[in-house]
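Only this structure's heavy atoms are used, side chains among them; waters, hydrogens and symmetry mates stay out. Just so we're on the same page: letters track the sequence lines, and every chain starts at 1.
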2 protein chains.
Amino acid sequence: MGRRRQSVTIKHVAADAGVSLQTVSRVINNEPNVRPEMKERVQASIDKLGYVPSIAAQRMSGSRSYLILALNDRERTIADWQSRQGTDWVDQMLLGGMLKCAEHGYRMIFELVDTHNDHVQCELRAAIAALQPDGIILTPPHSENPLITSLLAEARIPFARIGSVTPGPGIAMTMDDEGSARLATQHLIDLGHRRIGFIAGPTDYAVAGWRIDGWRATMDDAGLSTEGLCERGDFGFESGVVAARKLLEQTDRPTAIIASSDQMATGTLEVARSMNLDVPADLSLVSFDNTPIVRFTEPSLTAVDQPIAATISRAVELLINAGKKDLPSEPVVVSGTLVERASTARPGANGVG
Amino acid sequence: MGRRRQSVTIKHVAADAGVSLQTVSRVINNEPNVRPEMKERVQASIDKLGYVPSIAAQRMSGSRSYLILALNDRERTIADWQSRQGTDWVDQMLLGGMLKCAEHGYRMIFELVDTHNDHVQCELRAAIAALQPDGIILTPPHSENPLITSLLAEARIPFARIGSVTPGPGIAMTMDDEGSARLATQHLIDLGHRRIGFIAGPTDYAVAGWRIDGWRATMDDAGLSTEGLCERGDFGFESGVVAARKLLEQTDRPTAIIASSDQMATGTLEVARSMNLDVPADLSLVSFDNTPIVRFTEPSLTAVDQPIAATISRAVELLINAGKKDLPSEPVVVSGTLVERASTARPGANGVG
DNA sequence: TTGAAAGCGCTAACAT
DNA sequence: ATGTTAGCGCTTTCAA
């Protein structure tokens with residue numbers, strides 16, 4: 001293939017502008033101590049020759065790599081991709097992350113890592129050694145994995161923990177799951193619901209717990225009981241079916257259910273259908289995530305929107321500025337919103353009108 | 001932040017194993033001329049120290065970058081992400097591309113580029129200069145953009161053109177759109193349909209044309225007319241509504257329609273509903289792409305599945321081996337399949353049974 | 001404010 | 001079969 005070299009290097013620019021390599025380097029990196037006219041001349045040469053620095057060379061000489069690494073759980077991500085259920089978590093990450101990176105001349109690299117694996121550390125160390133990223137974004141369940149966080153802290157690489165509020169190294173960031181759950185619960189209470197069931201996520205996701213907290217707190221505030229109204233699922237469709245069945249087969253069944261994921265919500269919808277319960281007349285339903293499918297179910301689902309793109313965008317910004325500005329010591333909160341659709345109504349309401 | 005260096009370098013390994021740098025390098029790259037026992041000893045040191053080569057350094061010294069760049073159209077991709085309609089083209093690309101890359105110790109970098117822009121070339125040149133990828137994957141409409149293909153040919157970077165059969169530089173790859181359209185058309189003919197309408201994609205996508213070709217050829221073979229049965233859309237929902245309306249408001253309206261995208265198919269579904277046409281009793285509908293939403297519409301849609309993951313996977317394989325093996329001179333075909341669901345039936349069939 | 005020299009980690013080319 | 005040498009393109013010293 002013949003070794004491919006950089007077509008235009010800093011040398012060409014230096015020669016063209018009649019200055020030293022160093023001066024060109026200074027202009028590229030916006031460093032001080034360059035006379036405006038000098039800077040202008042160099043910039044002209046850069047533009048003329050279409051010069052772009054090689055990130056490999058930049059990284060080699062000990063500076064930044066201009067790379068931000070985003071890490072997702074391998075197993076779950078691949079399962080989502082293969083099942084083609086419309087989960088667009090990755091897309092929203094890329095949307096927020098890539099655009100913000102581009103603004104600052106960075107690139108985002110997306111990688112998969114096994115959490116449930118004794119050689120997470122090897123895998124991660126390899127990715128770091130190969131890529132030398134300037135910052136890393138951790139998503140659940142990585143965000144709370146001490147094997148990962150301690151490794152990054154030790155390697156002194158700035159990182160963000162999405163969906164984590166635990167104190168410790170790295171920037172803790174949350175989409176305010178508790179607040180979102182409160183929003184959803186209050187919405188149902190305002191509609192007149194008294195028995196509101198909750199289908200929670202698995203215990204290894206911290207966010208699952210916060211959502212329960214928000215629901216329970218709001219119920220308590222309203223003087224409503226939560227006894228026997230909370231079931232656990234694993235975020236998947238089947239687990240939603242099982243949980244919904246347990247909730248709806250009670251003698252005094254709930255008139256509304258909040259599911260901690262869209263998949264579990266569609267599972268609940270399925271159970272309601274099989275029990276001849278009309279949604280929303282007999283059962284109001286709120287789901288979490290607001291992935292594409294909530295628009296296409298019958299009825300469409302009222303859902304909590306998780307601001308994934310906005311959160312990742314913020315994370316990138318903080319990571320790029322790590323070192324310049326101080327890192328936030330408190331968890332960074334990007335709040336979600338409730339999107340009302342056709343699956344919620346007053347209890348016993350007939351028809352849509 | 002303090003300059004971060006590689007923690008374990010080739011030097012450490014060489015020292016530990018008591019050999020020269022070059023020998024270590026040979027082991028890393030699986031090169032010949034290393035005695036097995038030597039190789040074993042070096043490998044032991046690599047494992048012991050947890051050494052991983054820095055791709056920056058590898059790239060610097062003129063060898064591979066172990067990076068494959070996948071390029072999508074910026075405008076359309078961002079629009080898809082923001083509209084959250086469940087289009088999972090990007091996800092399927094990553095599924096096929098990242099996993100195959102990982103098998104070979106490569107990484108896939110995903111980037112967005114504006115096609116409809118006079119400085120495509122600048123943008124692309126910048127990405128290449130910064131990243132120095134070993135191979136590039138082009139997707140429609142980039143695959144047929146001469147500004148892009150000529151630049152890559154000149155830079156002598158191996159690349160694949162997904163959705164292109166035009167001869168020229170780069171590996172042409174197709175998901176057999178014509179064949180898929182034949183499949184869909186034949187399926188409808190077999191069910192007894194005679195008037196089969198077609199909603200095509202925009203002219204700047206070559207695949208749009210092939211799909212028409214497949215439909216028309218199959219209709220011709222069956223001795224059926226295509227007169228006034230083909231409308232153009234832009235792959236989006238609204239354009240599907242407009243096209244379907246034109247088709248269905250004819251006096252002798254088609255009993256079946258093939259839409260060139262899932263979005264246009266749901267648009268057609270909407271029109272059918274508004275005209276009180278039952279799908280599939282009054283109108284059979286086949287869509288293209290098989291994105292997640294086709295499972296959630298009412299009825300679920302019979303659709304042509306585009307093997308995106310498989311195609312990208314194959315592309316990565318070919319690019320990595322470029323130079324070693326000869327590149328295919330003929331277009332590489334990865335065929336799609338027809339997934340039958342509830343939106344197709346015999347014309348005039350009542351009920352599902 | 002500018003420039004020169006040294007070296008980052010690795011591999012190609014050339015010894016031996 | 002193994003080692004030595006000379007860079008790759010850039011930034012970090014340090015000197016002027």
Side-chain angles (χ1 to χ4, degrees), chain A residues 1-42 46 49 51-67 105 126 128-132 134, chain B residues 1-42 46 49-67 105 126 128-132 134 323:
Chain A
M1 192 174 9
R3 63 199 259 133
R4 247 185 303 103
R5 314 163 119 89
Q6 207 78 351
S7 48
V8 181
T9 73
I10 197 170
K11 278 187 189 167
H12 300 112
V13 177
D16 185 84
V19 298
S20 71
L21 301 182
Q22 194 42 40
T23 304
V24 178
S25 175
R26 287 191 180 105
V27 172
I28 298 167
N29 298 294
N30 250 312
E31 276 171 28
N33 294 341
V34 184
R35 279 200 326 255
E37 52 190 276
M38 190 95 275
K39 182 166 180 170
E40 208 170 309
R41 196 169 66 184
V42 172
I46 290 177
L49 300 175
Y51 166 74
V52 178
S54 147
I55 64 166
Q58 291 187 127
R59 174 58 241 175
M60 277 298 299
S61 51
S63 89
R64 303 165 170 239
S65 64
Y66 296 95
L67 259 28
I128 294 170
L131 263 14
Q132 297 281 95
D134 291 336
Chain B
M1 193 176 4
R3 64 198 257 130
R4 250 184 299 106
R5 313 165 121 87
Q6 208 77 351
S7 49
V8 182
T9 74
I10 198 171
K11 278 186 188 168
H12 298 113
V13 177
D16 185 84
V19 297
S20 73
L21 300 183
Q22 194 45 37
T23 303
V24 178
S25 176
R26 288 192 179 104
V27 172
I28 297 166
N29 298 295
N30 253 313
E31 276 171 29
N33 296 339
V34 185
R35 279 202 325 253
E37 52 190 279
M38 190 94 273
K39 183 167 180 168
E40 207 169 311
R41 195 169 69 183
V42 172
I46 290 177
L49 301 175
Y51 168 73
V52 178
S54 148
I55 63 166
Q58 293 187 127
R59 173 58 242 175
M60 278 299 298
S61 53
S63 87
R64 305 165 167 240
S65 65
Y66 294 96
L67 259 28
I128 293 170
L131 262 13
Q132 296 282 94
D134 291 335

With a 4.0 Å heavy-atom cut-off, tell me which residues in residues 15-22 of chain A come close to DNA chain D, sorted by residue number. A:Q22
Can you list the residues that meet the ring pair (Phe, Tyr, Trp, His ring centres under 6.0 Å) rule with B:Y51, with sequence neighbours excluded? none
Quick one: side chain to side chain donor-acceptor pair (under 3.5 Å) partners of B:S54, sequence neighbours excluded? none
Which residues in residues 27-34 of chain B have at least one heavy atom lying under 4.0 Å from any atom of DNA chain D? B:N33, B:V34
Side-chain N or O of B:T23 closer than 4.0 Å to phosphate OP1/OP2 of D:dG3: yes
So which pairs with a foot in residues 26-37 of chain B pass salt bridge (Lys or Arg N to Asp or Glu O under 4.0 Å), sequence neighbours left out? B:R35-B:E37
Below the 4.0 Å mark, does C:dC10 have OP1 or OP2 next to a side-chain nitrogen or oxygen of B:R59? no
Is the backbone of A:Q58 close enough, under 3.5 Å, to the side chain of A:S63 for a donor and an acceptor to pair up by distance? yes
Residues two or more places apart in sequence or in another chain: which of them pass side chain to side chain contact (heavy atoms under 4.5 Å, CB included) with A:V52? B:A126, B:A129, B:A130
With A:N30 via side chain to side chain donor-acceptor pair (under 3.5 Å) - residues at least two apart: A:K39
To 10°, what angle do the rotation axes through the five end pairs on each side of the helix from C:dT1-D:dA16 to C:dT16-D:dA1 form? 30°
With sequence neighbours excluded, give me every side-chain hydrogen bond (donor to acceptor under 3.5 Å, both in side chains) pair touching residues 11-24 of chain A. A:T9-A:H12, A:D16-A:S45, A:D16-A:K48, A:S20-A:T23
Heteroatom pairs (N/O) under 3.5 angstrom, protein to nucleotides 14-16 of chain D:
none

Ignoring backbone atoms, test whether A:Y51 places a side-chain nitrogen or oxygen under 4.0 Å from the OP1 or OP2 oxygen of D:dC10. yes
